[in-house]
Amino acid sequence: MHSSVSADSIAARAQHAQQAELADRIARLTPEDGNHTTPVSKLFAYRASVPGPCIPSVYEPRLAFVAQGTKIVMLSGDTYRYDPLHFLVVSMPLPAASGVIDATPEKPYLALRLDIELDEISSLLRDVEPPPAPTQVDRGLYAARADAQLLDAVLRLMRLLDNPQDVPVLSASMKREIYYRVLTGDLGHRLRDLATSGTRSNRIARAVAQLREHYAQPLRIDELADSVHMSVSSLHHQFKAATSMSPLQFQKQMRLHEARRLMLMEGLEANTAAHRVGYESPSQFSREYKRLFGAPPRSDIGQVRASQAG
(Lines give C-alpha, C1' and ligand atoms only; values in the text may rest on other atoms or scores of the structure.)
Protein backbone atom coordinates (compact mmCIF):
# COMPACT_ATOMS: atom_id res chain seq x y z
CA MET A 1 0.00 0.00 0.00
CA HIS A 2 2.75 2.41 1.00
CA SER A 3 4.76 1.68 -2.13
CA SER A 4 1.66 2.25 -4.27
CA VAL A 5 0.95 5.59 -2.61
CA SER A 6 4.59 6.52 -2.98
CA ALA A 7 4.57 5.62 -6.67
CA ASP A 8 1.42 7.66 -7.22
CA SER A 9 2.98 10.57 -5.38
CA ILE A 10 6.12 10.41 -7.48
CA ALA A 11 4.06 10.27 -10.69
CA ALA A 12 1.99 13.26 -9.58
CA ARG A 13 5.11 15.30 -8.80
CA ALA A 14 6.63 14.38 -12.16
CA GLN A 15 3.48 15.45 -14.02
CA HIS A 16 3.38 18.71 -12.05
CA ALA A 17 6.99 19.36 -13.10
CA GLN A 18 6.08 18.69 -16.75
CA GLN A 19 3.20 21.16 -16.56
CA ALA A 20 5.37 23.79 -14.88
CA GLU A 21 8.02 23.52 -17.59
CA LEU A 22 5.39 23.63 -20.31
CA ALA A 23 3.84 26.75 -18.76
CA ASP A 24 7.23 28.45 -18.58
CA ARG A 25 7.99 27.69 -22.22
CA ILE A 26 4.58 28.92 -23.41
CA ALA A 27 4.95 32.09 -21.32
CA ARG A 28 8.23 32.87 -23.07
CA LEU A 29 6.53 32.51 -26.47
CA THR A 30 3.60 34.76 -25.52
CA PRO A 31 4.80 38.17 -24.26
CA GLU A 32 1.24 39.48 -24.56
CA ASP A 33 -2.30 38.09 -24.67
CA GLY A 34 -3.50 36.44 -27.84
CA ASN A 35 -2.50 33.77 -30.31
CA HIS A 36 1.18 33.46 -31.31
CA THR A 37 2.81 31.45 -34.11
CA THR A 38 5.84 29.25 -33.42
CA PRO A 39 8.68 28.01 -35.64
CA VAL A 40 6.90 24.62 -35.78
CA SER A 41 4.32 24.39 -38.56
CA LYS A 42 0.72 24.07 -37.27
CA LEU A 43 1.77 24.79 -33.66
CA PHE A 44 0.48 27.91 -31.89
CA ALA A 45 0.83 29.29 -28.36
CA TYR A 46 -1.89 31.25 -26.57
CA ARG A 47 -2.09 33.47 -23.48
CA ALA A 48 -5.06 35.10 -21.74
CA SER A 49 -4.59 37.19 -18.59
CA VAL A 50 -8.28 37.46 -17.65
CA PRO A 51 -11.38 35.29 -18.05
CA GLY A 52 -13.64 36.13 -20.96
CA PRO A 53 -17.12 35.42 -22.31
CA CYS A 54 -17.81 32.43 -24.51
CA ILE A 55 -17.38 33.65 -28.10
CA PRO A 56 -18.78 31.71 -31.10
CA SER A 57 -16.26 30.57 -33.71
CA VAL A 58 -15.57 27.66 -36.04
CA TYR A 59 -13.21 25.17 -34.44
CA GLU A 60 -10.94 23.52 -36.98
CA PRO A 61 -9.51 20.02 -36.31
CA ARG A 62 -6.96 20.49 -33.55
CA LEU A 63 -5.39 19.32 -30.31
CA ALA A 64 -5.25 21.82 -27.46
CA PHE A 65 -2.98 21.35 -24.43
CA VAL A 66 -3.35 23.59 -21.37
CA ALA A 67 -0.35 24.26 -19.16
CA GLN A 68 -2.09 26.71 -16.82
CA GLY A 69 -5.68 27.85 -16.28
CA THR A 70 -8.98 26.49 -17.61
CA LYS A 71 -11.09 26.94 -20.72
CA ILE A 72 -14.52 25.67 -21.71
CA VAL A 73 -16.05 24.95 -25.10
CA MET A 74 -19.82 24.88 -25.59
CA LEU A 75 -21.39 22.90 -28.41
CA SER A 76 -25.18 23.11 -28.66
CA GLY A 77 -25.70 23.14 -24.91
CA ASP A 78 -22.97 20.62 -24.04
CA THR A 79 -19.95 21.98 -22.15
CA TYR A 80 -16.41 20.59 -22.41
CA ARG A 81 -13.80 21.70 -19.90
CA TYR A 82 -10.06 21.38 -20.45
CA ASP A 83 -7.20 22.23 -18.12
CA PRO A 84 -3.68 20.98 -17.30
CA LEU A 85 -5.08 17.49 -16.66
CA HIS A 86 -7.23 17.30 -19.81
CA PHE A 87 -6.56 18.13 -23.44
CA LEU A 88 -9.10 18.92 -26.14
CA VAL A 89 -9.53 17.04 -29.41
CA VAL A 90 -11.54 18.53 -32.28
CA SER A 91 -11.71 15.97 -35.07
CA MET A 92 -13.88 17.83 -37.60
CA PRO A 93 -14.79 21.49 -38.25
CA LEU A 94 -17.44 22.48 -35.72
CA PRO A 95 -19.17 25.77 -34.88
CA ALA A 96 -18.81 26.18 -31.12
CA ALA A 97 -18.39 28.86 -28.45
CA SER A 98 -15.41 28.99 -26.10
CA GLY A 99 -14.07 31.11 -23.28
CA VAL A 100 -11.30 31.15 -20.68
CA ILE A 101 -12.76 30.77 -17.18
CA ASP A 102 -9.61 30.63 -15.03
CA ALA A 103 -6.86 33.23 -15.61
CA THR A 104 -5.24 36.16 -13.80
CA PRO A 105 -2.45 38.57 -14.81
CA GLU A 106 -0.21 36.82 -12.27
CA LYS A 107 -1.20 33.34 -13.41
CA PRO A 108 -2.49 33.61 -17.00
CA TYR A 109 -4.16 30.93 -19.04
CA LEU A 110 -1.41 29.31 -21.16
CA ALA A 111 -2.06 26.76 -23.89
CA LEU A 112 -0.79 25.17 -27.08
CA ARG A 113 -2.80 24.41 -30.21
CA LEU A 114 -1.60 21.80 -32.69
CA ASP A 115 -3.68 21.75 -35.86
CA ILE A 116 -4.48 18.18 -36.88
CA GLU A 117 -3.22 16.99 -40.24
CA LEU A 118 -5.66 14.20 -41.08
CA ASP A 119 -3.40 12.83 -43.81
CA GLU A 120 -0.76 12.23 -41.14
CA ILE A 121 -3.33 10.55 -38.90
CA SER A 122 -4.41 8.26 -41.74
CA SER A 123 -0.79 7.41 -42.53
CA LEU A 124 -0.06 6.66 -38.89
CA LEU A 125 -3.07 4.35 -38.62
CA ARG A 126 -1.37 1.91 -40.98
CA ASP A 127 1.15 1.26 -38.21
CA VAL A 128 -1.36 1.14 -35.33
CA GLU A 129 -3.27 -2.00 -34.40
CA PRO A 130 -6.84 -1.52 -35.67
CA PRO A 131 -9.50 -1.14 -32.97
CA PRO A 132 -12.75 -3.13 -32.89
CA ALA A 133 -15.31 -1.90 -35.42
CA PRO A 134 -17.20 1.05 -33.88
CA THR A 135 -20.89 0.55 -33.17
CA GLN A 136 -21.79 4.24 -33.02
CA VAL A 137 -20.66 7.70 -34.09
CA ASP A 138 -19.04 9.74 -31.32
CA ARG A 139 -19.01 13.50 -30.91
CA GLY A 140 -16.35 15.21 -33.03
CA LEU A 141 -15.15 17.23 -30.04
CA TYR A 142 -14.10 15.83 -26.68
CA ALA A 143 -11.77 16.31 -23.72
CA ALA A 144 -9.50 13.43 -22.67
CA ARG A 145 -7.07 12.95 -19.81
CA ALA A 146 -3.46 13.97 -20.53
CA ASP A 147 -1.06 11.26 -19.37
CA ALA A 148 2.66 11.55 -18.68
CA GLN A 149 3.72 10.02 -22.02
CA LEU A 150 1.66 12.51 -24.02
CA LEU A 151 2.91 15.46 -21.97
CA ASP A 152 6.48 14.23 -22.44
CA ALA A 153 6.02 14.17 -26.24
CA VAL A 154 4.56 17.70 -26.20
CA LEU A 155 7.41 18.95 -24.01
CA ARG A 156 10.09 17.50 -26.28
CA LEU A 157 8.50 19.28 -29.23
CA MET A 158 8.64 22.54 -27.26
CA ARG A 159 12.26 21.95 -26.24
CA LEU A 160 13.08 21.62 -29.91
CA LEU A 161 12.49 25.37 -30.20
CA ASP A 162 15.71 25.91 -28.22
CA ASN A 163 17.56 24.69 -31.32
CA PRO A 164 15.86 26.27 -34.36
CA GLN A 165 18.15 24.46 -36.79
CA ASP A 166 16.64 21.14 -35.64
CA VAL A 167 13.01 22.14 -36.22
CA PRO A 168 12.82 21.39 -39.98
CA VAL A 169 14.38 17.96 -39.49
CA LEU A 170 12.83 16.69 -36.26
CA SER A 171 9.47 18.43 -35.73
CA ALA A 172 7.49 16.19 -38.10
CA SER A 173 8.47 12.99 -36.27
CA MET A 174 7.73 14.60 -32.91
CA LYS A 175 4.27 15.69 -34.05
CA ARG A 176 3.72 12.16 -35.32
CA GLU A 177 4.53 10.84 -31.83
CA ILE A 178 1.98 13.23 -30.31
CA TYR A 179 -0.66 11.96 -32.73
CA TYR A 180 0.30 8.40 -31.81
CA ARG A 181 -0.09 9.08 -28.08
CA VAL A 182 -3.52 10.62 -28.69
CA LEU A 183 -4.64 7.73 -30.93
CA THR A 184 -3.57 5.08 -28.40
CA GLY A 185 -4.59 6.98 -25.29
CA ASP A 186 -7.84 7.72 -23.48
CA LEU A 187 -10.71 8.05 -26.01
CA GLY A 188 -8.26 7.80 -28.90
CA HIS A 189 -10.63 5.45 -30.71
CA ARG A 190 -12.76 8.48 -31.61
CA LEU A 191 -10.00 10.00 -33.71
CA ARG A 192 -9.12 6.60 -35.19
CA ASP A 193 -12.71 6.05 -36.29
CA LEU A 194 -12.86 9.42 -37.98
CA ALA A 195 -9.72 8.83 -40.04
CA THR A 196 -10.56 5.23 -40.97
CA SER A 197 -12.15 5.02 -44.39
CA GLY A 198 -15.59 3.43 -44.48
CA THR A 199 -16.55 3.99 -40.83
CA ARG A 200 -19.68 5.93 -39.99
CA SER A 201 -17.57 8.68 -38.40
CA ASN A 202 -15.52 8.99 -41.58
CA ARG A 203 -18.68 9.27 -43.67
CA ILE A 204 -20.04 11.99 -41.39
CA ALA A 205 -16.71 13.82 -41.63
CA ARG A 206 -17.07 13.75 -45.42
CA ALA A 207 -20.61 15.12 -45.13
CA VAL A 208 -19.33 17.90 -42.87
CA ALA A 209 -16.62 18.75 -45.40
CA GLN A 210 -19.18 18.97 -48.21
CA LEU A 211 -21.49 21.21 -46.20
CA ARG A 212 -18.55 23.39 -45.24
CA GLU A 213 -17.42 23.76 -48.85
CA HIS A 214 -20.88 24.35 -50.32
CA TYR A 215 -22.52 26.24 -47.44
CA ALA A 216 -24.00 28.93 -49.74
CA GLN A 217 -25.86 26.43 -51.92
CA PRO A 218 -29.34 25.07 -51.11
CA LEU A 219 -29.13 21.93 -49.00
CA ARG A 220 -30.36 18.80 -50.78
CA ILE A 221 -30.25 16.26 -48.01
CA ASP A 222 -30.97 13.26 -50.25
CA GLU A 223 -28.00 14.11 -52.49
CA LEU A 224 -25.76 14.63 -49.46
CA ALA A 225 -26.79 11.27 -48.00
CA ASP A 226 -26.23 9.52 -51.32
CA SER A 227 -22.76 11.05 -51.70
CA VAL A 228 -21.59 9.48 -48.42
CA HIS A 229 -23.49 6.20 -48.98
CA MET A 230 -25.98 6.63 -46.16
CA SER A 231 -29.76 6.74 -45.94
CA VAL A 232 -31.34 10.11 -45.17
CA SER A 233 -32.53 8.96 -41.74
CA SER A 234 -29.15 7.47 -40.87
CA LEU A 235 -27.36 10.64 -42.00
CA HIS A 236 -29.59 12.80 -39.79
CA HIS A 237 -29.11 10.54 -36.77
CA GLN A 238 -25.35 10.06 -37.11
CA PHE A 239 -24.71 13.69 -38.11
CA LYS A 240 -26.39 14.89 -34.93
CA ALA A 241 -24.44 12.39 -32.85
CA ALA A 242 -21.16 13.74 -34.23
CA THR A 243 -21.91 17.48 -34.32
CA SER A 244 -24.86 17.91 -31.91
CA MET A 245 -26.89 19.55 -34.71
CA SER A 246 -28.75 18.63 -37.86
CA PRO A 247 -27.16 19.15 -41.30
CA LEU A 248 -29.43 22.18 -41.84
CA GLN A 249 -28.46 23.73 -38.49
CA PHE A 250 -24.79 23.08 -39.27
CA GLN A 251 -25.10 24.76 -42.67
CA LYS A 252 -26.85 27.76 -41.10
CA GLN A 253 -24.06 28.24 -38.57
CA MET A 254 -21.43 27.95 -41.28
CA ARG A 255 -23.23 30.66 -43.26
CA LEU A 256 -23.45 32.99 -40.26
CA HIS A 257 -19.79 32.54 -39.32
CA GLU A 258 -18.69 33.18 -42.90
CA ALA A 259 -20.89 36.28 -43.12
CA ARG A 260 -19.31 37.59 -39.94
CA ARG A 261 -15.83 36.98 -41.37
CA LEU A 262 -16.77 38.81 -44.58
CA MET A 263 -17.99 41.83 -42.62
CA LEU A 264 -14.97 41.89 -40.32
CA MET A 265 -12.19 41.07 -42.75
CA GLU A 266 -13.49 42.36 -46.08
CA GLY A 267 -15.67 45.22 -44.89
CA LEU A 268 -18.88 44.01 -46.54
CA GLU A 269 -22.23 45.47 -45.51
CA ALA A 270 -24.61 43.10 -43.75
CA ASN A 271 -27.02 42.71 -46.67
CA THR A 272 -24.19 42.01 -49.10
CA ALA A 273 -22.61 39.45 -46.77
CA ALA A 274 -26.00 37.80 -46.21
CA HIS A 275 -26.57 37.40 -49.94
CA ARG A 276 -23.01 36.15 -50.47
CA VAL A 277 -23.48 33.26 -48.01
CA GLY A 278 -26.89 32.20 -49.35
CA TYR A 279 -29.52 34.20 -47.51
CA GLU A 280 -32.38 35.60 -49.59
CA SER A 281 -34.05 37.49 -46.71
CA PRO A 282 -31.98 40.22 -44.94
CA SER A 283 -34.44 40.23 -42.02
CA GLN A 284 -34.09 36.46 -41.54
CA PHE A 285 -30.31 36.84 -41.66
CA SER A 286 -30.39 39.58 -39.02
CA ARG A 287 -32.63 37.52 -36.71
CA GLU A 288 -30.51 34.40 -36.95
CA TYR A 289 -27.27 36.39 -36.66
CA LYS A 290 -28.48 38.01 -33.42
CA ARG A 291 -29.53 34.62 -32.05
CA LEU A 292 -26.03 33.21 -32.59
CA PHE A 293 -23.78 36.19 -31.83
CA GLY A 294 -25.95 38.04 -29.29
CA ALA A 295 -26.35 41.28 -31.27
CA PRO A 296 -27.49 42.40 -34.75
CA PRO A 297 -24.76 42.41 -37.43
CA ARG A 298 -23.93 46.13 -37.32
CA SER A 299 -23.74 46.25 -33.51
CA ASP A 300 -21.76 43.03 -33.24
CA ILE A 301 -19.16 44.06 -35.83
CA GLY A 302 -18.83 47.47 -34.15
CA GLN A 303 -18.21 45.83 -30.78
CA VAL A 304 -15.61 43.45 -32.19
CA ARG A 305 -13.75 46.27 -33.92
CA ALA A 306 -13.85 48.42 -30.78
CA SER A 307 -12.40 45.57 -28.71
CA GLN A 308 -9.65 44.96 -31.26
CA ALA A 309 -8.76 48.65 -31.30
CA GLY A 310 -8.64 48.72 -27.51
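Positions are given from 1 along the sequence.
Ion pairing between a basic and an acidic side chain is recognised when a charged N comes within 4.0 Å of a carboxylate O; Arg261 and Glu266 show such pairing. A salt bridge between Asp162 and Arg25 is present, with a side-chain N of the basic residue lying under 4.0 Å from a carboxylate O of the acidic one. Under 4.0 Å is where a charged nitrogen must lie from a carboxylate oxygen, and between Arg176 and Asp127 at least one such pair does. Salt-bridge formation is not detected for the pair Glu258/Arg276: no Lys NZ or Arg NE/NH1/NH2 atom is positioned less than 4.0 Å from an Asp or Glu carboxylate oxygen. Between Glu117 and Arg62 there is no salt bridge, since none of the side-chain N atoms of the basic residue sits less than 4.0 Å from a carboxylate O of the acidic one. Between Asp147 and Arg181 no salt bridge is recorded (no basic side-chain N to carboxylate O distance below 4.0 Å).
At a cut-off of 3.5 Å, with distance as the only test, a side-chain donor of Ser49 or Asp33 sits close to an acceptor on the other residue. Between the side chains of Gln253 and Gln249, no donor-acceptor pair is found at a separation under 3.5 Å. There is no side-chain donor-acceptor pair under 3.5 Å between Ser201 and Thr199.
Using a 4.5 Å heavy-atom threshold, the side chains of Arg203 and Arg200 count as separate. Leu22 places a side-chain heavy atom less than 4.5 Å from the side chain of Leu112. Under the 4.5 Å side-chain criterion, counting only non-hydrogen atoms from C-beta, Met245 is in contact with Leu75. Under the 4.5 Å side-chain criterion, counting only non-hydrogen atoms from C-beta, Lys252 is in contact with Tyr279. Taking 4.5 Å as the limit, some side-chain heavy atom of Leu85 sits within range of a side-chain heavy atom of Gln15. You'll find the side chain of Val154 reaches within 4.5 Å of the side chain of Ile178, heavy atoms only. Between Met92 and Thr243, some side-chain heavy-atom pair lies under the 4.5 Å cut-off. In this structure the side chain of His229 reaches within 4.5 angstrom of the side chain of Arg206, judged on heavy atoms.
Partners of His86 according to the ring-ring contact (aromatic ring centres under 6.0 Å, His included) rule, which considers only residues two or more places apart in sequence or in another chain, do not exist here. The ring-ring contact (aromatic ring centres under 6.0 Å, His included) search around Tyr179 returns none, not counting sequence neighbours. In this structure Phe293 satisfies the ring-ring contact (aromatic ring centres under 6.0 Å, His included) test together with His257, Tyr289, sequence neighbours excluded. Remark: Thr38 engages no residue in a side-chain hydrogen bond (donor to acceptor under 3.5 Å, both in side chains) (not counting sequence neighbours). A search for ring-ring contact (aromatic ring centres under 6.0 Å, His included) contacts involving Phe65 returns Phe87, not counting sequence neighbours.
Residues in residues 104-115 take part in these side-chain hydrogen bond (donor to acceptor under 3.5 Å, both in side chains) pairs, two or more places apart or across chains: Arg113-Asp115.
Of the candidates Leu191, Leu88, Val90, Leu191 is the only one forming a side chain to side chain contact (heavy atoms under 4.5 Å, CB included) with Tyr142.
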